[in-house]
Amino acid sequence: MLFSPRVRLILSLVAAFFVVFVVLRGAFFWFFLSGLELPSQELWHAFGIGVRFDLRLALLIVLPVAILSLLPGLLGLRRGQLARKLAVAWLALASAVACFVYIADFAHYSYLEERLNSSVLRFLTNRGDSLQMVWESYPVVWLTLLLLVTLAVGAWLGRKPIAAFARRPAPGRGWLGGTIAVALGIYLYALGIMGQTGTVPLRWSDAYFSNNLQVASLGLNPAIFFYDTYTTGTREHDDELLALRYQRVAEYLGVTNPDPETMTFARSVPGQAPQRPPNVVLIHLESMGANRMGLFGNPMEATPNLDRLGNEGLFFPNFMVPSSGTARTVFGLVTGIPDITWGGSTASRDPQIVNQYTLVNAFKDYERLYFIGGSAGWANIRGVLKNNIQDLELWEAGDYDAPNIDVWGISDRDLFKAAHQRLDQLDPDKPFIAFIQTAGNHRPFTIPDDDSDFEVINPPEDKVRQHGFLGNDQYNAVRLLDYNIGYYLNDLVANSHYADNTIFILYGDHNDRSEPSQHMGYSESLLLDKHHVPLIIYGPNVIGGHRVIERPASLVDIMPMALGLAGLPYENRTMGRDLLHIDGPSYAITFGGDRSHRPLIGLVGEDYHLSMYYDGDNARLYDLEDPRLEADVRADHPEVFQDRKELLEGLYQAGRYMLHHNRP
């Protein structure tokens, strides 16, 4: 026979569940999407993604049976009567649960136009009303009968192939042949669960390749989507505390028409109607902490190009990212909301908050491009980018004519080459906004063998460690990133059509782990070194001369400042502000510590830093002129302490609120 009894058993069960799930996907399309004018090519692509999710679910359901088929003696299906009964019971239960999930999914979509996700659990807080609504809205009796029938059918369909497997003798392949067959089967099974080749499994964000949420809904599987949203869900905001602090936050953000009833944070910015709108290129400096750079006093001369840009453009020495982590920075930059999710995950991984308002779309009539050397499926940032940025041209692994050099994809040098080549091809009369996300300054700190003349140097290890670097590998990775920045701006951009009308915004996404240094002042003393990164805005033909902006700035301020420099009108519904065109104090919120259980939040001002746990416990005020952790000065400045605490509470709760209430 072509297949062994075990393979026939597994294939028959997987095929049965898989066919049912694909049919239900077709039914979903027929009931909810067939009458809509949606692009057929995108629908087919979404359907194909959904089919792979269906296969994953079928394989996961059958997995316990597959494991039992491999066990020897009375523990396995071939000789164990109890094992066979457990397998049949499992298949019956799985069939009924799957049926329930799909019923709930269809009902949920018809009611809210959203696939089933863990937000449905909120109805459990009002069980009486919710159950009454279900009873009055749906044929509960008939649906209960359907579940019972499914339970029986699942048991009946499972019993027959399991009994057939038990009757047939094991194939006589021998030890070597059997081991090879099992290993090959496990590999193919795992590949089916992964959903695609490579190191990144198929994820919910792959369904969000389109800006159209109806198209995305066709690519989701309700059971897997519910699990993903449940395991990555974020804690909600505090309604009462947000209401209490709303007015303070609205005043700080400059909300046009504050309204505590609607919790609006919108404000309109008129713009200046530029005759020639400038291009904007945002360069993501992977793991580039402030303490690595000469601009901040590091004497190791690792960043001569960035230091020069900072000394010629706009330099923000007190710039902070809210959270340490690349995915958190990408989310915060695009949405203008600090990634203050906790529980061990990131906002980019939470399907419930993937759909967000973004100021990137305020660059009207601009081409929009994003370049990343590796896979955008990493941390599900593809969902954040493609689902929110309109008409985005996304370049990622597989789109470049360049080899991958490590887990992060192509080298930064090749990334800059590809980005420049594409940008130089664009219509010179149409502006663009482009994001270039570097990755080389990250473990494993690969130094590629390419066509550059970059040279590795190895100072004494104790010297590089004395000035913040973990060792020469990290030191040279920083040097290489800086070298590639110089290569891009000096060798490539200088001769391009966009050289004289482009604003370049260079920002660190977070700081990597560092050795203690002596030149960083308050940020190292107050354990803010993970957040303290460079922000440089360069473009001498657009922004004018050199300035040092000492006021604290945050990642969420970048897009408003970019729009302000471009002179474009926009509605701001984010937590960022255009610090170049407003007066008054500014602050940077920080979020860190133990993000899984009890995160620490902070507010960096021009004079003081307030630090406390997310619930307000252990609040302390530090003077930036005397930033020792033991030097709590709240008793000396009670009014400052109370005002900053109220603002931090408000900003934190506003951020939590916006994560779920700031859709386009």
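This is a predicted model, so every value here is computed, not measured. In this chain, residues are counted from 1 in sequence order.
Between the side chains of S287 and D512, no donor-acceptor pair of N or O atoms lies under 3.5 Å. For H420 and Y498, the side-chain atoms include at least one donor-acceptor pair closer than 3.5 Å. No donor-acceptor contact under 3.5 angstrom links the side chains of E524 and N291, judged on distance only. Using modelled atom types and a 3.5 Å distance limit, the side chains of D406 and T446 yield a donor-acceptor pair. Checking T326 against D509 by side-chain atom types alone, a donor-acceptor pair falls below 3.5 Å. With hydrogens and angles left out, the side-chain atoms of N484 and D412 include no donor and acceptor closer than 3.5 Å. In the model, N472 has no side-chain atom that pairs as donor or acceptor with a side-chain atom of R465 under 3.5 Å. At a cut-off of 3.5 Å, with distance as the only test, a side-chain donor of H581 or D578 sits close to an acceptor on the other residue.
Between Y252 and Y587, the gap from one ring centroid to the other is short of 6.0 Å. Checked against a 6.0 Å centroid threshold, the rings of F296 and F315 count as neighbours. Aromatic ring centres of F416 and F371 lie farther apart than the 6.0 Å criterion allows. Y370 has its ring centre less than 6.0 Å from the ring centre of F435. With ring centers used as reference points, H237 lies 6.0 Å or more from H660. Annotation: W395 is in aromatic contact with Y400 [ring centroid separation under 6.0 Å]. A ring-centre distance under 6.0 Å is not found for H531 and F319. No close placement of the H467 and Y475 rings is indicated, their centers lying 6.0 Å or farther apart.
The shortest distance between side-chain heavy atoms of L600 and Y614 does not fall below 4.5 Å. The closest side-chain heavy-atom distance from K417 to Q421 is not below 4.5 Å. Inter-residue side-chain proximity for F504 and L506 is flagged as met; some heavy-atom pair is nearer than 4.5 Å. Put simply, the side chain of R267 does not reach to within 4.5 Å of the side chain of E571, judged on heavy atoms. In this structure, I558 and I505 have side chains that are in contact, with non-hydrogen atoms separated by less than 4.5 Å. With a 4.5 Å cut-off on side-chain heavy atoms, N441 and L480 do not count as touching. Taking 4.5 Å as the limit, every side-chain heavy atom of H284 sits out of range of all side-chain heavy atoms of I372. Here the side chains of F331 and P338 are not in contact, with every heavy-atom distance at 4.5 Å or above.
Contact between P278 and Y366 at its shortest, heavy atoms only, is O-OH, 2.6 Å. Of all heavy-atom pairs between G383 and N388, the closest is O-ND2, 4.2 Å. Taking every heavy atom of both residues into account, G576 and P560 meet most closely at C-CG, 3.7 Å. Considering every non-hydrogen atom in both A379 and R203, the closest pair reads N-NH1, 3.2 Å. Minimum interatomic distance between Y507 and L282 (heavy atoms only, all atoms of both residues): CE2-CB, 4.1 Å.
By the 4.0 Å N-to-carboxylate-O rule, D451 lies close enough to R413 to be salt-bridged with it. Between D206 and R382 there is a salt bridge, with a side-chain nitrogen of the basic residue lying less than 4.0 Å from a carboxylate oxygen of the acidic one. Using a 4.0 Å cut-off between charged side-chain N and carboxylate O, R479 and E301 make no salt bridge.
Between the CG atom of L659 and the CD1 atom of I340 there is a distance of 5.5 Å, given to the nearest 0.5 Å. Note: Q466 CD to M300 CE = 9.0 Å, rounded to the nearest 0.5 Å. Atom CD1 in I353 sits 12.0 Å away from atom NE2 in H661 (nearest 0.5 Å).
Within a 6.0 Å radius of CD in Q196, more than 12 heavy atoms belonging to other residues, nucleotides or ligands are found. In Q425, the CD atom is crowded: over 12 heavy atoms of neighbouring residues, nucleotides or ligands sit closer than 6.0 Å. Other residues, nucleotides and ligands place more than 12 heavy atoms under 6.0 Å from the CG atom of D427.
The aromatic rings of Y208 and W204 sit perpendicular to each other, their planes meeting at more than 60°, with 30° as the lower class boundary.
Within the cation-pi definition used here (under 6.0 Å to the ring centroid, within 45° of the axis), R573 does not qualify as a partner of F265. In this structure, R368 is not positioned above the aromatic face of F363 in the sense of NZ or CZ being under 6.0 Å from the six-membered ring centre and within 45° of the axis.
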Contacts table for residues 533-549: side-chain donor-acceptor under 3.5 angstrom, sequence neighbours left out:
{"from": "H546", "atom 1": "ND1", "to": "G310", "atom 2": "O", "distance (Å)": "3.3"}
{"from": "H546", "atom 1": "ND1", "to": "N311", "atom 2": "O", "distance (Å)": "3.3"}
{"from": "H546", "atom 1": "ND1", "to": "G313", "atom 2": "O", "distance (Å)": "2.8"}

